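One structure is given below, encoded as structure tokens.
Just so you know, residue 1 is the first one in the sequence shown, and it goes up from there. Atom set for the values below is all heavy atoms of this structure, side chains included, hydrogens, waters and symmetry mates excluded. Since the structure is predicted, the reported quantities are computational estimates derived from the model, not experimental observations.
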Amino acid sequence: MRASMGGMGGASGFGLMRSMRRDSSVLQKQLPKGLVRRIFRFAAPYRRVLALYLVLIVIDAVVSAANPLIYRAIIDDGIIRHHLKVIVVLALVVAGLAVIDTGLMLWQRWISARVGEGLIYDMRTKVFAHLQRMPIAFFTRTQTGALVSRLNSDVLDAQSAFTDTASSVVSNAITVVIMLAAMFFLSWQITLVALALLPIFMLPARWVGRRIQHITRESYNLNAAMTNTMTERFNVSGALLVKLFGRPESEVESFSGKAARVRDIGVTQAMYTRVFMVSLLLTASLATALAYGWGGVQAADGVYLVGTVVALTSYLSRLYAPLTSLSNVQVDVMTALVSFDRIFEVLDIVPSVDEAPGAIPIPRGPATVEMDHVCFRYPRAEEISLASLESVAVLDQTPSQQVLHDVSFRVDPGQLAALVGPSGAGKTTISHLIPRLYDPQSGSVRIDGVDLRQATLSSVREVVGVVTQDAHLFHDTIRANLLYAKPEASEDELLEALQAAHIMDLIDSLPDGLDTVVGDRGYRLSGGEKQRIAIARLLLKAPDVVVLDEATAHLDSESEIAVQRALSEALAGRTSIVIAHRLSTVREASEILVVDMGRIVERGRHEDLLAAGGLYSELYHTQFEGQELQDGDLLGQELQAGEREPVILPPLATPPA
């Protein structure tokens, strides 16, 4: 049978300590109406299994509570009266109940695991799927750690409402009721005195509990700070910054300080925990001594039988832990409810960019891109985020400024439009509207006459392809990064895309070829190699519209040649909108759109705009004019590279070992 609470070393003691560590400040949280009803709806698929679970808990509590009465009968009716048959039969009953109790515990554990893991799966997948629908504006504001916490800590705390809190409350309540009823039946006087001893434990236990809650909260905050430090310093960019600015000693000192405080908290917490457990053991021992002393005297005088005294002490040793646990049940329940509330508040965020009912697909083929009187401002914080996800008390109330004003243009199939303008003019915002990362406040963005707000999101993703200046690669193989664009692509299609992106020579030089791991964000590759992998991914996707934040602005001349050749393959025959940083791109454009302060202030071909003497002419003299000689040099290098047979690209980064 289960270990008696007199020992206080079993699972019940640890469960009680976990309950005492919960933060009581959760009781001040105001929960929305209908939360409990919503929780039960969420758990509806498991209602029958949960009902069986509660029935098993009740049976198990009754079986456990029956044992002391059987011990009493063995002593009084068997041993004292020398009835061997009674002793043997009741001993077999105890053994049978032990077997039944073991089976019940295993059955409960199976149901608990099934329901608990099922709820974790349901909640995590639902939250993850919902977050996938959120617009890019949501992720620009929220902290990654806060989102991960919702998927991990809050989900686990919410799940415990059904598998831990509910079972603990039901089991402890039934156990206490049955035990107190049996004890009053055996001796109401000893029972009352034993209950009077409870405050001797509860008062210091409450004080210890508050101290444990305080240091546990501090421990969580310090661990979160250490995790954030490690996350920022252990990625390539953070590690590079530490190396370049030469501050590893101060980093170690800062981290060491936090770790030392966590160590000290661990020691303090261990001592408080031991004080708590010893206090509970001491109270149970005092009650046991009382029962044996007073009850023993009464038994010697013939008032009680010996079995009654044994049964009373057995009940007393099991009574204090469930009573203490029930005294903290409000905190346990509120902790679970708050966790559910934190999950539901994420699920209740309405995506500002979502698929409209009855959305239609954009037809594939040569595409026309149009912006018609588009006005746009970036969403305010309250429109897309939660204060708790930004780790702030109150969301930013700063009004969002208008970014685009009455922008209109049209790019016909196969044409290339170049967006040119000073920094902050709105070029990137325009490029974000075409793949529908955002929706305009007024006006419309159309592809082949279909307003993107009325198009299916899947068709927008299929039709529009994007390459940014800093191409992101997952910490995975080259193959996996390519297949992200087209999971069903064949080996021949992969090789064809790589060949068109002028990166095949690198792949051939790598020992693991396509199965080479590119590292965190692709840092094992050079900038030019990453860009060409990204272009190969775009080619594999084969979109009809290409949006390009020109990918050669920060590359050396040799890498730029290779990337430009790859881009010529990517843009060929496709409708293209390019944020231009190179004079060569501007000259090749079918139309140049000059953007300033959120408006298109000039449009036309290079020669015409240059002759007009407006903003483009000014930009040309400050931004582009110095590139003419450089572009000529690059062209000469490219021609030289093209004369060799077979075609050999300029030297690339040393292949990873």
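- No hydrogens or angles considered: a donor-acceptor pair under 3.5 Å links the side chains of Y46 and D122.
- For Y378 and T429, the side-chain atoms include at least one donor-acceptor pair closer than 3.5 Å.
- In terms of heavy atoms, F139 sits closest to L131 at CZ-O, 3.2 Å.
- One N or O on the side chain of K541 and one on the backbone of R461 form a donor-acceptor pair closer than 3.5 Å.
- No hydrogens or angles considered: a donor-acceptor pair under 3.5 Å links the side chains of S459 and T456.
- No donor-acceptor distance shorter than 3.5 angstrom exists from the side chain of T175 to the backbone of N172, with no hydrogens or angles considered.
- Judged purely by atom type and a 3.5 angstrom limit, R537 has no side-chain atom pairing as donor or acceptor with the backbone of A485.
- For the pair P135 and S352, the tightest heavy-atom approach, listed with the atom from each and the gap, is CG-OG, 3.1 Å.
- Under the salt bridge (Lys or Arg N to Asp or Glu O under 4.0 Å) criterion, R133 pairs with D354, sequence neighbours left out.
- For the pair I362 and L452, the minimum side-chain heavy-atom distance is below 4.5 Å.
- Of all heavy-atom pairs between R436 and L457, the closest is NH1-CD2, 3.4 Å.
- Taking the salt bridge (Lys or Arg N to Asp or Glu O under 4.0 Å) definition, one finds that D348 meets it with R38, sequence neighbours left out.
- Across all non-hydrogen atoms, the minimal contact from F340 to A158 is CE1-O, 3.2 Å.
- Side-chain atoms of S314 do not come within 3.5 Å of backbone N or O of A311 as any donor-acceptor pair.
- Across all non-hydrogen atoms, the minimal contact from H130 to I349 is NE2-O, 2.8 Å.
- Checked by atom type and distance alone, the side chain of Y315 pairs as donor or acceptor with a backbone atom of A65 at under 3.5 Å.
- In this view, R261 and E218 satisfy the salt bridge (Lys or Arg N to Asp or Glu O under 4.0 Å) rule, not counting sequence neighbours.
- Across every non-hydrogen atom of Q454 and A356, the tightest pair is OE1-CB, 4.1 Å.
- Looking only at distances, no side-chain donor or acceptor of Q402 sits under 3.5 Å from a matching main-chain atom of C375.
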